[in-house]
Amino acid sequence: MCGNNMSAQLPAVVPAARKATAAVIFLHGLGDTGHGWAEAFAGIRSSHIKYICPHAPVMPVTLNMNMAMPSWFDIIGLSPDSQEDEPGIKQAAENIKALIDQEVKNGIPSNRIILGGFSQGPINGANRDISILQCHGDCDPLVPLMFGSLTVEKLKTLVNPANVTFKTYEGMMHSSCQQEMMDVKQFIDKVLPPID
């Protein structure tokens with residue numbers, strides 16, 4: 001599974017329990033797959049929402065001594081001034097847009113699709129009116145809370161700042177916790193309420 005082509009492996013999907021009128025596309029972090037996140041969403045699912053957790057292509061990652069692993073794009077470094085893999089990020093964005101387009105073809109309006117991710121999972125704030133929930137553990141050793149704070153301030157310049165919510169979780173490292181998943185469920189249910 002080389003190259004930046006997500007079609008090599010079908011996403012992990014938690015289907016809607018009834019007719020899907022909304023979708024959540026959630027991108028996993030570096031070295032992971034969509035399976036664990038699909039399982040997490042199965043635990044908080046709403047019956048009208050389809051949850052799609054794609055798998056990143058396997059590629060060498062500069063940050064990890066060029067070891068091949070699932071990654072949405074290459075990561076050169078973790079400091080704010082590190083070089084970015086701009087072509088890889090653009091390719092990942094095109095791949096995610098293709099997933100969104102497929103759901104629109106399946107009958108789900110684009111305004112009923114949420115895009116989310118963990119750690120490396122990219123987010124695009126092209127629509128200034130979108131709502132954003134950003135969560136971060138205050139003990140994260142891989143992506144320090146300072147980077148989460150910088151990110152939320154940048155997001156507030158890209159979208160309506162009133163639509164950006166930043167939640168931190170005491171004692172949480174580079175992972176997720178039950179309270180965070182409940183906050184995610186509340187956010188999803190508010191943005192994607194049942195329509196039938």
Side-chain angles (χ1 to χ4, degrees), residues 6 11-29 32 34-56 72 89 92-137 143 145 147-169 172 175-196:
M6 289 190 314
V13 174
V14 179
R18 54 190 175 100
K19 181 180 185 251
T21 60
V24 171
I25 298 172
F26 193 87
L27 310 179
H28 63 74
D32 202 358
H35 294 297
W37 287 105
E39 186 176 314
F41 282 108
I44 64 165
R45 71 194 263 183
S46 294
S47 61
H48 64 287
I49 301 174
K50 176 182 181 182
Y51 301 86
I52 304 158
C53 300
H55 309 290
W72 299 108
I89 293 169
E94 286 178 28
N95 292 342
I96 299 310
K97 185 178 181 317
L99 278 176
I100 293 168
D101 291 345
Q102 183 58 52
E103 290 311 305
V104 170
K105 285 180 191 170
N106 290 342
I108 296 177
S110 61
N111 68 338
R112 301 272 302 157
I113 299 172
I114 289 178
L115 177 61
F118 176 82
S119 190
Q120 187 194 15
I123 295 178
N124 179 355
N127 177 351
R128 284 200 51 85
D129 294 325
I130 64 171
S131 295
I132 295 176
L133 170 64
Q134 181 185 339
C135 303
H136 209 110
V143 182
L145 182 57
F147 290 167
S149 298
L150 290 171
T151 300
V152 80
E153 291 311 312
K154 178 66 175 175
L155 286 171
K156 287 178 178 179
T157 69
L158 300 173
V159 302
N160 180 344
N163 294 347
V164 179
T165 302
F166 184 49
K167 291 186 175 263
T168 59
Y169 300 88
M172 189 170 83
S175 61
S176 185
C177 67
Q178 187 63 32
Q179 182 58 54
E180 180 187 30
M181 292 307 293
M182 289 297 99
D183 290 341
V184 168
K185 177 177 176 39
Q186 183 179 25
F187 174 81
I188 292 170
D189 288 347
K190 179 181 177 187
V191 174
L192 301 176
I195 56 174
D196 55 354

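Here the structure is a predicted model, which is why all the values come from computation and not from measurement. What's counted below: heavy atoms across the whole structure, side chains too, no hydrogens, waters or symmetry copies.
A salt bridge links Lys97 with Asp101: the distance from a Lys NZ or Arg NE/NH1/NH2 to an Asp or Glu carboxylate oxygen falls below 4.0 Å.
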Practice prompt. Would you please test Tyr169 and Asp183 for side chain to side chain contact (heavy atoms under 4.5 Å, CB included) and show each step?
Written response: CA-CA 11 Å; Tyr169 300 88; Asp183 290 341; 2.6 Å; yes
Item to complete: Please assess Asn95 against Trp72 for the test side chain to side chain contact (heavy atoms under 4.5 Å, CB included), listing each intermediate value before the final yes or no.
Response: CA-CA 10 Å; Asn95 292 342; Trp72 299 108; over 6 Å; no
Worksheet entry | Test side chain to side chain contact (heavy atoms under 4.5 Å, CB included) applied to Leu99 and Leu115, step by step | CA-CA 10 Å; Leu99 278 176; Leu115 177 61; over 6 Å; no
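Between His28 and His35, the distance separating the two ring centers is not shorter than 6.0 angstrom.
Within the model, atoms CD of Gln186 and OG1 of Thr165 stand 10.0 Å from one another, a figure rounded to the nearest 0.5 Å. The line from CG of Leu133 to CD1 of Ile188 is 8.5 Å long, rounded to the nearest 0.5 Å. Taken to the nearest 0.5 Å, the CE atom of Met181 stands 4.5 Å off from the CZ atom of Phe41. Annotation: the span from Gln178 atom CD to Glu180 atom CD amounts to 10.5 Å, rounded to 0.5 Å.
Of the possible polar contacts, none joining the Arg45 side chain to the Lys50 backbone as a donor-acceptor pair under 3.5 Å is found. Listed for the Tyr51 side chain is no donor-acceptor partner under 3.5 Å among the backbone atoms of Glu39. Remark: the backbone N or O of Ala22 is not paired with any side-chain donor or acceptor of His48 at under 3.5 angstrom.
You'll find the side chain of Ser46 stays beyond 4.5 Å of the side chain of Leu192, heavy atoms only. Between Asn163 and Ile130 the shortest side-chain heavy-atom distance does not fall below 4.5 Å. Residues Asp32 and Phe118 have side chains not in contact (no heavy-atom distance under 4.5 Å, counting atoms from C-beta outward).
For the pair Pro54 and Ile25, the tightest heavy-atom approach, listed with the atom from each and the gap, is CD-CG2, 4.3 Å. Between Gly148 and Gln134, the closest heavy-atom pair is O-NE2, 3.0 Å. Between Pro15 and Val13, the shortest heavy-atom distance links the atoms CD-O, 3.5 Å. For Thr21 against Arg112, the heavy-atom pair with the smallest separation is O-NE, 3.0 Å. The two residues Trp37 and Phe26 have their closest heavy-atom pair at CD2-CE2, 3.4 Å. For the pair Ala12 and His55, the tightest heavy-atom approach, listed with the atom from each and the gap, is N-NE2, 3.6 Å.
Using a 30° and 60° split on the angle between ring planes, Phe166 and His136 fall in the perpendicular class, above 60°.
Screening Val184, Ile114, Val191, Ile113 for a side chain to side chain contact (heavy atoms under 4.5 Å, CB included) involving Val24 leaves a single residue, Ile114.
Within a 6.0 Å radius of CD in Gln102, more than 12 heavy atoms belonging to other residues, nucleotides or ligands are found.
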